[in-house]
Q: 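Right, I'll just put the structure down here and ask away after.
Because only heavy atoms are used, hydrogens play no part in the values below, and waters and symmetry mates are left out as well, while side chains stay in.
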Amino acid sequence: MAIAWRMPMSDWPSPERRAVCAAALGLFGTFLVTATQSTVVYPVQQTFAAGPEGELLLRQLPDLAGLVAVPLIGAIGARVSSARMAAIAAACIGAGASLLSLAPTMAVFVLGMVLGSVGRMIISVVAFAVVGAGVAHEGRRATAFALLGAAGPAAFILAPIAASLLVMAGGWRAVGVIWCLSAITVAIAARWLRVKPGATHAERREPWTPILAGIVLVSVMQAVGAVFMRGVTDSITLSWIGAAVLSAAAVRVLLRRLRHPSLDLRTLRVPGLLPALGVLILSQCGDLWTYAAAITMRVDGLTPIEAAMVLLPPQFASLAGAAVAAWLNRRVGPRAGGTLMLALLAGSLFASCIETIELPMWVLVAITCVYAIGESGSGVCVTQAVLSTAPSGLERQVSSYRSVASAVGNGLATLVITGSVVFAMGESMRTAAEQHGLAAPRVKQLVEAVRSNVTNLDIAQQMHLSPARLQELREVRRQVMVHGFRAHGVVSGAVID
């Protein structure tokens, strides 16, 4: 990371140094939550017999709830200090840890996940706003945003391995220990935060316009996903479209009738902000981490801990990507630097299409390392480009829009890109099943099983397959996973490119 720190932080003004370190520490703490969420999804699904629908709920609802909360966070942030907002985030994560560890039902567990997601979103808004408002020197800003960009990879280096070990030793509830550590880390960061971006306002603001704006975002995302998965005329698709239209109409009415609405869309008129947010959304549409881990476990036969160990080099590559981005931001500026990093990101996604069952694992790891550099570097560059557009006093609002754009990009990746991958896997299974001479009803059953992520043993029991057929099924599923991995590379690479 030495190339990023050409200006030692010991030479920085003390308030700037304290603010940047606090923001990076807070982000690191919240990424401990993010890095462990996927570890508990499958065990929780088994404990509460949730099925595929339960898995979808566990993976989507926390992020969607956080997305609803972001506009409200940006609105109330105008009259609440950064330190107090961080303290609220720590309380949310701590409460989520308690519910995660003690959850007697699926609903209580999901509520804990939602609280953790809300806490993560609060810190995401506060951290970038603090750096955007508190660090004016361009060289120091590049270093500061690189530090924030390195917080995620630093958490992902150890947290997934630690979570897997805790699950093996004490069950999925033991992961609450890491969440408690996250809450403590964020609470420490809250004590260091003393920079208030922009003026604060004492008057009480209504919460309805930002909440409805969040509902609009969620409804639009769900409608887009439903269009890809179910079609335009499906009743669920039409319901989400209707919810988006009604909530948008309600926001418009309130903005016209309220004298001082909490939601201020005039910030979006700042020159350069909307294009930068659009680039940020597109840059989030790849998720090679998830699919690379799936390939190592389901094709190469590694355990979750072994897969996490294999993917450690890409995590360190992410740290290098943040450092390179800081250097690029100083040399050529965030726009040109972001363009170079996005090109590297798209190229790595297209390169992932060479994956086969026989391909050595080190090739996959090498491609993921390049992807990690591009993803981390583009995030740093684009984030600095977004925050650089913020007028003085509006850093918190621009930071909330950055968080919204990032969440929208991740949501679209989950809904659209994943939908494309699932479709490709289903068609691959259909072709393979027909080649093996299975009857049409069994082909359809296999396709639905693949799309619902049903295990091979469950499929064998449902279809009364012989041991020889079960072995054939395992080989076919490995090939199907590879086809899904390639589909992800093509679709997400095309979107980013």
Q: Do any side-chain atoms of residues 106-113 form donor-acceptor pairs under 3.5 angstrom with protein atoms, and if so which ones, sequence neighbours left out?
A:
none

Q: Enter the distance from Ser378:OG to Leu342:CG here, rounded to the nearest 0.5 Å.
A: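 Here the interatomic distance stands at 5.0 Å.
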Q: Is any side-chain heavy atom of Val131 less than 4.5 Å from a side-chain heavy atom of Leu387?
A: no
Q: Hey, are the side chains of Thr30 and Thr34 touching, using non-hydrogen atoms and a 4.5 Å cut-off?
A: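 SC-SC contact between Thr30 and Thr34 ruled out.
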Q: If the condition is side chain to side chain contact (heavy atoms under 4.5 Å, CB included), which residues does Ile211 pass it with, not counting sequence neighbours?
A: Leu72, Pro207, Ile215
Q: If you round to the nearest 0.5 Å, how far is CD1 of Ile241 from CD1 of Ile236?
A: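 Reported value, rounded in 0.5 Å steps: 12.0 Å.
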Q: Check whether any side-chain N or O of Ser376 sits under 3.5 Å from a backbone N or O of Gly321 as a donor-acceptor pair, and report yes or no.
A: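 Absent.
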Q: Can you confirm whether Ile93 sits close enough to Leu115 that some side-chain heavy atom of one is under 4.5 Å from a side-chain heavy atom of the other?
A: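 Not in contact.
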Q: Please indicate whether Met168 has more than 12 foreign heavy atoms, meaning atoms of other residues, nucleotides or ligands, lying under 6.0 Å from its CE.
A: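 Counting neighbours around CE of Met168, 12 or fewer heavy atoms of other residues, nucleotides or ligands fall under 6.0 Å, so no.
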Q: Provide the full list of side chain to side chain donor-acceptor pair (under 3.5 Å) pairs with a residue in residues 231-246, sequence neighbours left out, each pair given once.
A: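 For residues 231-246, and leaving out neighbouring residues, there are no side chain to side chain donor-acceptor pair (under 3.5 Å) pairs at all.
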Q: Looking at Leu312, is its backbone amide N or carbonyl O close enough to the side chain of Gln315 to form a donor-acceptor pair, meaning the two atoms are under 3.5 Å apart?
A: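 Not a single qualifying donor-acceptor pair exists.
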Q: Over all heavy atoms of both residues, which pair between Gly286 and Ser492 is shortest? Give the atoms and the distance, please.
A: CA-CB, 3.8 Å
Q: Tell me, yes or no, whether the heavy-atom count around Met309 atom CE, taken from other residues, nucleotides or ligands under 6.0 Å, exceeds 12.
A: no
Q: To check you understand the geometry: which heavy-atom pair defines the closest contact between Leu165 and Ile305, and what is its length?
A: CD2-CD1, 3.4 Å
Q: May I ask you to decide if Tyr291's main-chain N or O and His488's side chain share a donor-acceptor pair within less than 3.5 Å?
A: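 No.
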Q: Could you walk me through whether Phe485 and Leu364 pass side-chain contact (heavy atoms from CB on, under 4.5 Å), step by step?
A: CA-CA 11 Å; Phe485 186 76; Leu364 173 64; 3.5 Å; yes
Q: Closest heavy-atom contact between Ala89 and Val186?
A: CB-CG1, 4.2 Å
Q: Do the side chains of Leu32 and Trp179 get nearer than 4.5 Å, heavy atoms only?
A: no
Q: Hey, could you give me the CG/CD1 distance between Leu302 and Ile295, rounded to the nearest 0.5 Å?
A: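 Interatomic distance, Leu302 CG to Ile295 CD1, rounded to 0.5 Å: 11.0 Å.
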Q: Quickly, which of Val404, Leu268, Val398 forms a side chain to side chain contact (heavy atoms under 4.5 Å, CB included) with Leu277? Name it, please.
A: Leu268
Q: Do side-chain atoms of Ser101 reach the backbone of Ser98 as a donor and acceptor pair under 3.5 angstrom?
A: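 No, because the side chain of Ser101 does not come within donor-acceptor range (under 3.5 Å) of the backbone of Ser98.
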Q: Does some side-chain heavy atom of Phe316 sit less than 4.5 Å from a side-chain heavy atom of Pro153?
A: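 Not in contact.
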Q: Would Ser124 and Ser403 count as having a side-chain donor-acceptor pair, cut-off 3.5 Å?
A: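 Ser124 vs Ser403: donor-acceptor pair found between side chains.
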Q: Nearest heavy-atom pair of Ala407 and Met121: which atoms, and what distance?
A: CB-CE, 3.7 Å
Q: Determine whether Met361 and Val310 make a side-chain contact, defined as any pair of heavy atoms from C-beta on separated by less than 4.5 Å.
A: yes
Q: By ring pair (Phe, Tyr, Trp, His ring centres under 6.0 Å), which residues pair with Phe28, not counting sequence neighbours?
A: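 Here no residue qualifies.
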Q: Any side-chain heavy atom of Leu288 sitting closer than 4.5 Å to one from Ser352?
A: yes
Q: Could you state the interatomic distance from CD (Glu375) to CG (Asp287), rounded to the nearest 0.5 Å?
A: 8.0 Å
Q: Kindly indicate whether the side chain of Trp289, heavy atoms from C-beta on, has any atom under 4.5 Å from the side chain of Tyr371.
A: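 Yes - at least one pair of side-chain heavy atoms lies under 4.5 Å apart.
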Q: Taking only residues at least two apart or on different chains, which pairs with a member in residues 112-124 satisfy salt bridge (charged side-chain N to carboxylate O under 4.0 Å, His left out)?
A: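 As it turns out, the salt bridge (charged side-chain N to carboxylate O under 4.0 Å, His left out) pairs with a partner in residues 112-124, which skip direct neighbours, are Asp63-Arg120.
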Q: Ignoring hydrogens, what is the shortest heavy-atom contact between Ala127 and Leu148? Give both atom names and the distance.
A: O-CD1, 4.1 Å
Q: What distance do Cys21 atom SG and Ile188 atom CD1 have between them, rounded to the nearest 0.5 Å?
A: 13.0 Å
Q: Between Thr383 (side chain only) and Val380 (backbone N and O only), is there a donor and an acceptor less than 3.5 Å apart?
A: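 No; judged by distance alone, with no hydrogens or angles, the pair does not exist.
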Q: Enter the distance from Ser318:OG to Ile373:CD1 here, rounded to the nearest 0.5 Å.
A: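 CD1 of Ile373 is found 8.0 Å from OG of Ser318.
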Q: Just by distance, do the side chain of Arg402 and the backbone of Val386 share a donor-acceptor pair under 3.5 Å?
A: no
Q: How close do Glu355 and Val482 get, counting heavy atoms only, and between which atoms?
A: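 For Glu355 and Val482, the tightest heavy-atom pair comes out as O-CG1, 3.3 Å.
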Q: Sorted by first residue and then second, give each side chain to side chain donor-acceptor pair (under 3.5 Å) pair with at least one member in residues 153-172; sequence neighbours left out.
A: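 Every pair satisfying side chain to side chain donor-acceptor pair (under 3.5 Å) with a residue in residues 153-172: Thr47-Trp172.
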